Participant: 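Here it is, the structure, as structure tokens.
Numbered from 1 within each chain, the chains take letters A, B, ... in sequence-line order. Nothing here was measured: the structure is a model prediction, and the numbers come from that model. Note: hydrogens, waters and symmetry copies are ignored here, and every other heavy atom, side chains too, is used.
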2 protein chains.
Amino acid sequence: MAQAKSGKRSSRPKRIDAQRNYEHLLKIAGILVKEEGTDASLREIARRADVGLGTLYRHFPTRDVLLEAILRNSFEELAQKAEALEHSDAPLDALTSWLEEFADGSATYRGLTSMMMATIKDPKSALYTSCFSMRVAAGRLLKRAQEAGRIRDEVTANDLFTLVTAIAWAADYSASEARSRSRLLSLLINGLESRPQIISSRVEGKKPRSKDPKK
Amino acid sequence: MAQAKSGKRSSRPKRIDAQRNYEHLLKIAGILVKEEGTDASLREIARRADVGLGTLYRHFPTRDVLLEAILRNSFEELAQKAEALEHSDAPLDALTSWLEEFADGSATYRGLTSMMMATIKDPKSALYTSCFSMRVAAGRLLKRAQEAGRIRDEVTANDLFTLVTAIAWAADYSASEARSRSRLLSLLINGLESRPQIISSRVEGKKPRSKDPKK
DNA sequence: ACCTGAACACCGTTCAAGT
DNA sequence: ACCTGAACACCGTTCAAGT
């Protein structure tokens, strides 16, 4: 869980022809998956890449592995964005905007949301780690928003991940997905916010006793 | 939109062998779809029903048609339930419990939620009418809850339908779907409720000016 | 009027054979 | 070390031929 550093950990120096095949395959697959969704035909990918079917399977033994390779960059971007936002001094806005970004990302390929939901139950999947770290990121931003008293305490990171993914899934079927997605999202977040306290005094919202929750 | 009465509108008297095939096919399909989900193999259904493939296609020219036949009853039940609940004097509870029922129904077959979302965009689908009437039912219950001041006004019937379906979809992937579904649902509804008014006086919640919203 | 199943055009996955 | 493509076991959908 530590020394992954260089980003490109190309496990070991492949033969150059293999390397070329790998990259070309990845590129073609990216295009096809964008066009046809995550269940694009593997055969077709191999065909379009002018490569034998077996070659595709050699480099990407599983559809998950292929998708993971396609998505690696976006996932990493999202992770970084989360890290940056963790130091924002507007925890609710930070959470919201990251969730928006995440939902947008989940919607770039048709079928991706289903894949992610399926994958998060199955640690053997190549997509698992990425999905898991998304959940963790969401969790941290959530926690901060909760500590600031802006989101209800009952909401868990899992709830949030699930709900946002569900919304991204649903928006896929809407006429104008982008608008629908952001609408549903804001409806959701609005709903998860803490209600204004009904207590007596004149507290004026802003400083909700952030530190020292226990004791 | 009116004189559909007897429930069983068997369009015209089929030959008895055809009739038998139809019913047997329907029964087998019901079993297979419950086991394998809405994209169960049509071939397998025909096989298990001891019927030629063409026979299946003759009776159910489309997967939608088959599913509609399988689901007809549950949809009708839901519609009735909605009608009954419309006269409840606890509009929010009425809405909530209907949505729960609806979500449960959408979860009886794997893949059904996707099918419903796809179908609601396509009036030619055999499932369209049923789905549409579900949206209408939800809309009526929603409206009452809103008129009673219990749900935020910005929420539309479409939002509600989409969000609930999305939740049903998501719960499908959870370990204990039923629990997860009701948890997420209550989280959602909780979120859609109107916030307690922050106005000055001593109104005590209970009677939110139900009648006479206009004028 | 209805049923049957072969035929067609697709899949995903594996693996012997080639370089 | 790597690539190829035939082979296998599946699909959905259509339609000529049968009763």
Side-chain angles (χ1 to χ4, degrees), chain A residues 10-29 32-33 35-70 109-111 114-115 118-119 122 124-127, chain B residues 10-29 32-33 35-70 109-111 114-115 118-119 122 124-127:
Chain A
S10 48
S11 29
R12 98 206 53 127
K14 293 170 181 177
R15 256 213 251 153
I16 45 151
D17 56 340
Q19 175 71 10
R20 280 202 349 152
N21 274 338
Y22 179 91
E23 259 145 30
H24 188 229
L25 229 15
L26 193 53
K27 180 179 143 200
I28 300 292
L32 267 250
V33 168
E35 283 174 15
E36 309 283 336
T38 55
D39 48 354
S41 160
L42 299 181
R43 270 186 130 91
E44 182 70 20
I45 292 174
R47 242 165 356 222
R48 290 265 260 269
D50 267 311
V51 161
L53 234 186
T55 305
L56 189 155
Y57 274 92
R58 159 171 275 266
H59 289 297
F60 307 102
T62 275
R63 189 177 234 107
D64 287 323
V65 173
L66 178 55
L67 285 175
E68 199 276 334
I70 292 177
Y109 302 100
R110 240 175 316 130
S114 310
M115 209 109 208
T119 221
D122 167 28
K124 294 184 311 269
S125 160
L127 244 27
Chain B
S10 48
S11 31
R12 98 206 52 128
K14 294 169 180 177
R15 256 213 249 153
I16 44 151
D17 56 340
Q19 175 72 10
R20 279 205 346 156
N21 274 338
Y22 179 90
E23 260 145 29
H24 188 228
L25 229 16
L26 194 53
K27 179 178 142 202
I28 300 293
L32 267 250
V33 169
E35 283 174 16
E36 309 283 336
T38 56
D39 48 354
S41 161
L42 298 181
R43 270 186 132 92
E44 182 69 20
I45 292 174
R47 236 156 13 212
R48 290 264 261 269
D50 265 311
V51 162
L53 234 187
T55 304
L56 188 155
Y57 274 93
R58 158 170 277 266
H59 289 297
F60 307 102
T62 275
R63 188 176 233 109
D64 287 323
V65 173
L66 179 55
L67 284 175
E68 199 277 334
I70 293 177
Y109 301 101
R110 239 173 318 132
S114 311
M115 209 110 209
T119 221
D122 168 27
K124 296 184 310 270
S125 161
L127 244 26

Participant: In whole angstrom, give the distance that lies between atom CD of B:Glu36 and atom C1' of D:dC10.
Facilitator: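 To the nearest whole Å, that distance equals 13 Å.
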Participant: From the options D:dA1, D:dC11, D:dC3, select the nucleotide whose nearest atom is closest to the side chain of A:Arg15.
Facilitator: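 Shortest atom-to-atom distance from the side chain points to D:dA1.
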Participant: Any heavy-atom pair between the side chains of B:Ile70 and B:Tyr109 that's under 4.5 Å?
Facilitator: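 A side-chain contact under 4.5 Å exists here.
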Participant: Find every protein N or O atom lying less than 3.5 Å from an N or O atom of nucleotides 13-16 of chain C, and list the pairs.
Facilitator:
from   : atom 1 : to      : atom 2 : distance (Å)
C:dT13 : OP2    : A:Tyr57 : OH     : 2.8
C:dT13 : O4     : A:Arg43 : NH1    : 3.4

Participant: So which atom in B:Leu26 and which in B:Ala69 form the shortest heavy-atom distance, rounded to 0.1 Å?
Facilitator: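 Nearest pair, atom of B:Leu26 first, then B:Ala69: CD1-CB, 3.6 Å.
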Participant: Between D:dC3 atom C1' and A:Arg58 atom CZ, what is the distance in whole Å?
Facilitator: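 Taking atom C1' of D:dC3 as the reference, CZ of A:Arg58 is at 8 Å.
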Participant: When the distance from CZ of A:Arg20 to P of D:dC2 is rounded to whole Å, what number comes out?
Facilitator: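 Computing the A:Arg20:CZ to D:dC2:P distance gives 15 Å.
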Participant: Is any side-chain N of the basic residue among A:Glu44 and A:Arg48 closer than 4.0 Å to the acidic one's carboxylate O?
Facilitator: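 A salt bridge is present here (some side-chain N lies under 4.0 Å from a carboxylate O).
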Participant: Look at A:Ser41 and C:dC10 and indicate whether a side-chain polar atom (N or O) is within less than 4.0 Å of OP1 or OP2.
Facilitator: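 So the side chain of A:Ser41 is outside the cut-off, no N or O lying under 4.0 Å from OP1 or OP2 of C:dC10.
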Participant: With the side chain counted from C-beta on, respond yes when B:His59 and B:Leu66 share a heavy-atom pair under 4.5 Å apart, and no when they do not.
Facilitator: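 Result no, sub-4.5 Å side-chain heavy-atom pair not found.
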Participant: Which one, C:dC2, D:dC11, D:dC3, comes nearest to the side chain of A:Thr55?
Facilitator: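 Out of C:dC2, D:dC11, D:dC3, the nucleotide with an atom closest to A:Thr55's side chain is D:dC3.
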Participant: Calculate the interatomic distance between A:Asp50 atom CG and D:dT4 atom P; express it in whole Å.
Facilitator: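 Rounded to whole Å, this separation is 9 Å.
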Participant: What's the separation between atom NE2 in A:His24 and atom CG in A:Asp50, rounded to the nearest 0.5 Å?
Facilitator: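 So the gap between those two atoms works out to 7.5 Å.
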Participant: So what does B:Ala46 hit on the nucleic acid, given a heavy-atom distance under 4.0 Å: a base, only sugar-phosphate, or nothing?
Facilitator: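 Nothing, no heavy atom under 4.0 Å.
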Participant: What is the distance, to the nearest angstrom, from the CD1 atom on A:Ile45 to the P atom on D:dT4?
Facilitator: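 Between P of D:dT4 and CD1 of A:Ile45: 16 Å.
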Participant: Using whole Å, report how far CG of B:Leu56 lies from C1' of C:dC2.
Facilitator: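 My rounded result for the distance is 14 Å.
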Participant: Between atom CG in B:Asp39 and atom C1' in D:dC10, what is the gap in whole Å?
Facilitator: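 Result: 14 Å.
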Participant: Within the structure provided, determine whether B:Leu42 and B:Tyr57 are in side-chain contact (heavy-atom separation under 4.5 Å).
Facilitator: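 Contact flag for B:Leu42/B:Tyr57 side chains = yes.
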Participant: Could you tell me how far apart B:Asp17 (CG) and D:dG18 (P) are, to the nearest whole angstrom?
Facilitator: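 Going from CG in B:Asp17 over to P in D:dG18 covers 20 Å.
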Participant: Taking the side chain as C-beta and beyond, is there a heavy-atom pair between A:Met115 and A:Asp64 under 4.5 Å?
Facilitator: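 With C-beta onward as the side chain, the pair touches.
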Participant: Paired stems touching DNA chain C, three or more consecutive Watson-Crick or G-U pairs with both distances under 3.5 Å?
Facilitator: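 Stems for DNA chain C, defined as runs of 3 or more consecutive pairs: C:4-8 with D:12-16, C:12-16 with D:4-8.
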Participant: If the cut-off is 4.0 Å, is A:His59 near the phosphate of D:dC3, judged by side-chain N/O to OP1 or OP2?
Facilitator: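 It does, given that an N or O in the side chain of A:His59 lies less than 4.0 Å from OP1 or OP2 of D:dC3.
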Participant: To the closest 0.5 Å, what do you measure between CG (B:Leu25) and CZ (B:Arg58)?
Facilitator: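 If I round to the nearest 0.5 Å, the distance is 12.5 Å.
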Participant: Nearest 0.5 Å, what's the OG1-CD distance between B:Thr119 and B:Glu68?
Facilitator: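 Rounded to the nearest 0.5 Å, the OG1-CD separation comes to 9.5 Å.
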